[in-house]
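One structure is given below, encoded as C-alpha cells.
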Amino acid sequence: DSPRPSRMGGPTALSYIDGKAMPLSESTPLNPNKTYMPVSQLLWAILPALLGNVVEFYDYAAYTSLTPELTDNFYAEDDTVGREFGVWIAFAVGQCARPIGALIFGYIGDKYGRRPAIIIGTIGMVICTTLIGVVPTRRCCGESWGQFGFAVTIALRLVQGMCAAGELASAAAFSLEAAAPQQAGFVIGLLACSGTGGFLIASGIAALLENTMETESLLDWGWRLPFVLALPVGVAFVCYQMTMQESAEFQHAKEHSSGHVFKELFANYKLHLIICWGFTASHAAWHYGTVTYAKDFLYTAGLCDVRTAGIA
C-alpha cells in the first residue's frame, strides 16, 4: 500500500478538444501527475460508487432469478406464448432502455456532477425494484389486475434500465477520477467485482427462498421478498452516497469544458465509441444469454426442478 512513483514519463500526452491540444491532465480524468493512492484509501474513496453498482446488479439478478415464479404469477398454464416470452420481454425492455439512460445520465454527470448522477440512478433503481415486488398479479388479483400489473412491471423495467446504465457509467467515471493512472484497471475491476457481488447476493436469496419455502407460499408472496428487501438496503446505501464529494478532476474538467458535451463526444471520440459499443454488446449478449438465462432454461426445458436450477 506504500505510494510509488508514476511510471509515465517522456513528452506530455495531449488530447484534442475543439481542435486545441490540451495536456492529458486537463482533458481526461486520468491525471498523469496524480499521486498513487494506497488500496485502503482508494477503496474508501470509491465505496459510494461500488455500493451503487451492488444495487444495480442485485436488482437485475432479483428479477432474472425469479422468472419461474414471475411467469406463474402473471400467466395461466394454458398461455404458452406468454409463459415462454412474457417475462423476458419485460427484461428486454429494460435492456433496450440502457443506451437512452446512459445518454441522459452521462449528460447529467458531465454537466452537474458524478455525484447527482450516481445518487439519482441508485434511487431510481431502488424505487423500481421495490415497486416490482408489490405489483398486482393474475394469481393474487385476477386476470384484469394481472394485465395491469404486468404493464406496470414493463414500465418499471424501462425506468430501471435507464437508471442502471446511468449509474454504472457515472460510477466508472467517478472511480477513474479518484484513482491514479496506474490504478485505472484496478478500480474498474473493483466495479466488476461489486456488480458480481450484487448478482450473487440476489441469486443466493432467491435460491434460499426456493429451497426453504413451500411452493404455494413462494408463489403467493415469497417471490416478492427479494424485491422489497431492496428498499431498506438501498436507502442505507443512498444515505451513505449523500456524503460523497466530487473529485478535483471533475471540477477542473468542468471549468475547461466548452459546455457542448455531445458535440465534443461525437467529434473527437468516434472510434472510442464504436469500440466501447462493440465490446459492451458482445459482453451483454454473452452474459445475459448464458448466466442470466441459464436457470430459466434448465427449468423450462424440464432438465431439473426450480430448486435445483436455482442452485445450479
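Along the sequence shown, the residues carry numbers beginning at 1. Hydrogens, waters and symmetry mates are skipped; everything else that's a heavy atom, side chains included, is used.
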Give a yes or no on whether the backbone of Leu191 and the side-chain of Ser194 come within a donor-acceptor separation of less than 3.5 Å. yes
Run the side-chain donor-acceptor check on residues 226-235: report pairs under 3.5 Å with partners two or more places apart or on a different chain.
none

Kindly write out the residues that satisfy side-chain contact (heavy atoms from CB on, under 4.5 Å) with Glu214, not counting sequence neighbours, or none if the list is empty. Ser217
Thr129 side chain near Tyr63 side chain, heavy-atom distance below 4.5 Å: no
Keeping to residues at least two apart or across chains, list the salt bridge (charged side-chain N to carboxylate O under 4.0 Å, His left out) pairs with something in residues 61-76. Asp72-Arg83
Just to verify, what does Ser175 make a side-chain hydrogen bond (donor to acceptor under 3.5 Å, both in side chains) with, not counting sequence neighbours? none
Name all pairs fulfilling the salt bridge (charged side-chain N to carboxylate O under 4.0 Å, His left out) condition that reach into residues 41-62, sequence neighbours left out, sorted by first residue then second. Glu56-Arg98
Go through the structure and list residues passing salt bridge (Lys or Arg N to Asp or Glu O under 4.0 Å) with Glu167, not counting sequence neighbours. none
Do Trp223 and Leu70 have side-chain heavy atoms sitting under 4.5 Å apart? yes
Mind jotting down which residue pairs meet the ring-ring contact (aromatic ring centres under 6.0 Å, His included) criterion with at least one end in residues 183-217? Sequence neighbours excluded, please. Phe199-His287
Test: Arg115 cationic atom under 6.0 Å from Phe174 six-membered ring centre, within 45° of axis: no
Compute the ring centroids of Trp88 and Phe91, then answer whether they are less than 6.0 Å apart. yes
Sequence neighbours left out, what passes side-chain hydrogen bond (donor to acceptor under 3.5 Å, both in side chains) with Thr130? Give chain and number order. none
Using the test salt bridge (Lys or Arg N to Asp or Glu O under 4.0 Å), find all partners of Asp220 that sit at least two apart in sequence or belong to another chain. Arg139
Close side-chain approach of Ile104 and Met162, heavy atoms under 4.5 Å: yes
Considering only NZ, NE, NH1 and NH2 on the basic side and carboxylate oxygens on the acidic side, decide whether Glu177 and Arg114 come within less than 4.0 Å. yes
Qualifying residues under side-chain contact (heavy atoms from CB on, under 4.5 Å), relative to Ala169, sequence neighbours excluded: none
Scan residues 225-234 for pairs that pass side chain to side chain donor-acceptor pair (under 3.5 Å), counting only residues two or more places apart or in two chains. none
Side chain of Gln183, backbone of Ala180: donor and acceptor closer than 3.5 Å? yes
Side-chain (Gln241) to main-chain (Pro48) donor-acceptor, under 3.5 angstrom: yes
In the structure I gave you, are the side-chain heavy atoms of Trp44 and Val39 within less than 4.5 Å of one another anywhere? no
Does the side chain of Trp145 come within less than 4.5 Å of Arg138's, by heavy atoms? no
Could you tell me whether the side chain of Phe148 reaches within less than 4.5 Å of the side chain of Glu143, counting heavy atoms only? no
Please name all residues satisfying side-chain hydrogen bond (donor to acceptor under 3.5 Å, both in side chains) with Gln95, sequence neighbours left out, ordered by chain then number. Tyr60
Would you mind reporting whether Ile205 and Leu209 have side-chain heavy atoms less than 4.5 Å apart? yes
I want to check something: taking the side chain as every heavy atom from C-beta on, are Ile118 and Met244 in contact at a cut-off of under 4.5 Å? yes
